[in-house]
Amino acid sequence: MEIVNVLSIAGADPTGGAGIQADLKAIAANGGYGMAAVTALVAQNTCGVRDVHVPPTDFLAAQLAAVSDDVRIDAVKVGMLGTPEVITTVAEWLERTRPPVVVIDPVMVAASGDRLLGAEAEAALQRILPLADLITPNLPELAVIAGAPVAETWDAMLEQAGAVAAQHGVRVLAKGGHLAGPSSPDALVDPSGGVVAFAGARIATGNSHGTGCSLSSAVATRIARGADWATGVGAARAWLRESLQASDALDVGQGSGPLHHFAGLWSRGAVDGAGGTASDIRAEWWDGIAEVRAATDALPFITRLADGSLPREAFLAYVAQDSLYLGEYARVLARLSTLAPDPAAQRFWLHAAQGALIGELELHRDRLDGAPIGAPSPTTTGYTNHLVASCSDEYAVAAAAALPCFWMYSDIGTRLFRGELGERACDPEHPYAEWIAAYDDAAFAADTESAIALVTELAAAARPDLRERMWGAFRISAEWEHDFFRQTAVDGAGSARSADREHLVPVS
Ligand SMILES: Nc1ncnc2c1ncn2[C@@H]1O[C@H](COP(=O)(O)OP(=O)(O)OP(=O)(O)O)[C@@H](O)[C@H]1O
Ligand SMILES: Cc1ncc(COP(=O)(O)O)c(N)n1
């Protein structure tokens, strides 16, 4: 989905709880790109308003033109307007630019009781309201617009909202935050009289500075993203309630503190869980198994494969276990294909499963000449059991478990072929020259890159707990890769499990 651009036209709150500062946070938290043109600078904090400076309206007009001359605007939220001149400036700009979504929060009085709209501007407000798709008055603001006493009951609130909606031809979200009682319901009323009620228990907190600003920005963003009005208001309210519920976790000021705009996002992992990009994860995971890789390089099986001194029996024992392993690995890869959520990943794993089966057949037929393979060793069984068990977790974990087989094998194979693990490996007379050459398979290298990209992209998009399980499964598989190479490299000093020693050929 295209990221929507949402412009707030409102006053400023240097403590960040209301006005444009709250709007920008609310827009971001609800999935939009936030922009702000400032109508008034307000010297305020959580305890109250100290001073208001309204810059010349020419300058406001210049800000608005600077935005609309350059940027596609998907929605506008209008907050504090302050003076009749500001109202006229914004109204003229709205008439000229006709943004697709306009939400006006007719801010008049701060929660602290300080006026944010001059009495003389209340009349001018009537001019701008019809330019809105939705207005979001609280009860005192609704009363001023309706020219009636403040509604004290839900029914009175609905009646006033209905009258205002019909008079100005706009939807009205009448906010019940100021109603007495244990609930804080809102009502979305359209000009033809339709009402959608939103119930909600009142949240016990003294920190509700900026709820109105934040709600109207959230609704504008949700609508710009394609929600219908009832759904958009519902989603914005759900987010607001979550943020209000968490507001006591902040420690901002002595008075009525702000909402915790990002409480939900943070708890779902956007900050501490941010694990970086796929390429960060690639580097981190590869570094994370550096010790296992170094230990694998140093195994007698690898060093003696490289220098050509590996006994034939040990080599064949390895081939037999590898063949057994690949048969099971192919099943795991095929299972990954059935778990994959998209066709590209589904195809990739199926292709990899087929590659593993072909590898198994070739090993069996060409290297072992059809001789009996025997049973899987405890190490082979342990490794494949780990892969199978990972398939009982989420797809991403199973995919992470399958990765070291590609990655470590391809890495060792390439370095072996290039002589980086011993120059003798480059000698055409090397007893395993043909085997070593087969390691340098471009198609396997390409598949390895695809597997790394697939898994690290999954990890980058994963929730923190899932990413941690992925890393755990990956790390354990890397250990098994090491053990798998080690099992045929027993030097008689008990470096492998005794059961492995019994049916594998020691190298010494
Ligand atoms: N204590 C509360 N518990 C649950 N919801 C609340 C509470 N206070 C306000 N709300 C909700 O917050 C939104 C804003 O309502 P409110 O009536 O407070 O508007 P407002 O007065 O314009 O806000 P502001 O505090 O920014 O001036 C509404 O959706 C309302 O239902
Ligand atoms: C710039 C600006 N705009 C709006 C409000 C209203 O918010 P609240 O009623 O929560 O103080 C505010 N205090 N400051």
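Both ligands and their constituent atoms are indexed starting at 1 by order of listing. For this chain, numbers begin at 1 and follow the sequence in order.
Shortest contact from atom 25 (O) of ligand 1 to any protein heavy atom: T211 OG1, 2.9 Å. For atom 10 (O) of ligand 2, the closest non-hydrogen atom of the protein is G210 N, 2.6 Å. Protein heavy atom nearest atom 26 (O) of ligand 1, with residue, atom name and distance: G212 N, 2.7 Å. In terms of protein heavy-atom proximity, atom 30 (C) of ligand 1 is closest to S184 OG, 3.4 Å. At the shortest separation from atom 22 (O) of ligand 1 among protein heavy atoms lies K175 NZ, 2.7 Å. At the shortest separation from atom 13 (C) of ligand 1 among protein heavy atoms lies L240 CD2, 3.5 Å. With respect to atom 7 (C) of ligand 1, the closest heavy atom belonging to the protein is L244 CD2, 3.5 Å. Counting protein heavy atoms only, atom 9 (O) of ligand 2 is closest to A111 N, 2.8 Å. Closest to atom 4 (C) of ligand 2, if we only count protein heavy atoms, is C213 SG, 3.5 Å. Scanning the protein heavy atoms around atom 1 (N) of ligand 1, the nearest turns out to be I203 O, 3.0 Å.
Salt bridge status for D190 with R171: absent, with no side-chain N to carboxylate O gap under 4.0 Å. Taking a cutoff of 4.0 Å between a charged side-chain nitrogen and a carboxylate oxygen, E394 and R463 qualify as a salt bridge. Ion pairing between R467 and E284 fails under the 4.0 Å rule for side-chain N and carboxylate O. Using a 4.0 Å cut-off between charged side-chain N and carboxylate O, R225 and E2 make no salt bridge.
For A201, no nitrogen or oxygen atom sits less than 3.5 Å from a nitrogen or oxygen atom of ligand 1, counting backbone and side chain alike. Backbone and side-chain nitrogen or oxygen atoms of H209 are examined, and none is located within less than 3.5 angstrom of a nitrogen or oxygen of ligand 1.
Each of the following atoms of ligand 2 lies closer than 4.0 Å to a heavy atom of V107: 4 (C). The contact set between ligand 1 and G210, taken as ligand atoms under 4.0 Å from a residue heavy atom, comprises 26 (O). Within the listing of ligand 2, atoms 1 (C), 2 (C), 3 (N) sit less than 4.0 angstrom from a heavy atom of G19. Ligand 1 places these atoms under 4.0 Å from at least one heavy atom of S208: 25 (O). Counting the atoms of ligand 2 from 1 in the order shown, those under 4.0 Å from a heavy atom of A18 are 5 (C), 7 (O), 12 (C), 13 (N), 14 (N). The distance from ligand 1 to the heavy atoms of D186 drops below 4.0 Å at these ligand atoms: 28 (C), 29 (O), 30 (C), 31 (O). The distance from ligand 2 to the heavy atoms of G11 drops below 4.0 Å at these ligand atoms: 1 (C).
Counting only N and O atoms by type, the side chains of S243 and W239 include a donor and acceptor under 3.5 Å apart. A side-chain donor from one of W349 and Y395 sits under 3.5 Å from a side-chain acceptor of the other. A donor-acceptor contact closer than 3.5 angstrom links the side chains of K77 and S216.
With contacts defined as side-chain heavy-atom distances shorter than 4.5 Å, the pair F348/L336 does not qualify. Between L215 and T136, every side-chain heavy-atom pair lies at or beyond the 4.5 Å cut-off. By the 4.5 Å heavy-atom criterion applied to side chains, R469 and D465 are counted as neighbours. Side-chain contact between D105 and K175: present, with at least one pair of heavy atoms (C-beta onward) separated by less than 4.5 Å. Residues Y329 and Y383 fail the side-chain proximity criterion, which asks for heavy atoms closer than 4.5 Å.
Residue-level proximity to ligand 1 for R237 is carried by the side chain, the only part with a heavy atom below 4.0 angstrom. Contact annotation for A12 and ligand 2: only backbone heavy atoms (N, CA, C, O) come within less than 4.0 Å of the ligand.
Proximity of G79 to ligand 2 is not established, as no heavy-atom distance is less than 4.0 Å. For the pair L116 and ligand 2, a heavy-atom separation below 4.0 Å is found. Contact analysis leaves G200 out of contact with ligand 1, as no non-hydrogen atom separation drops below 4.0 angstrom.
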For S68 and T97, what are the C-alpha separation, side-chain angles and deciding distance, and is it a side-chain hydrogen bond (donor to acceptor under 3.5 Å, both in side chains)?
CA-CA 7 Å; S68 56; T97 53; 5.6 Å; no
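Nearest to atom 14 (N) of ligand 2 by heavy atom, out of M80, Q44, Q21, H209, is Q44.
For S208, the side-chain contact (heavy atoms from CB on, under 4.5 Å) criterion is met by T211, L244, S256, not counting sequence neighbours.
A tilted orientation is assigned to the rings of Y325 and F484, their planes being inclined by 30° to 60°.
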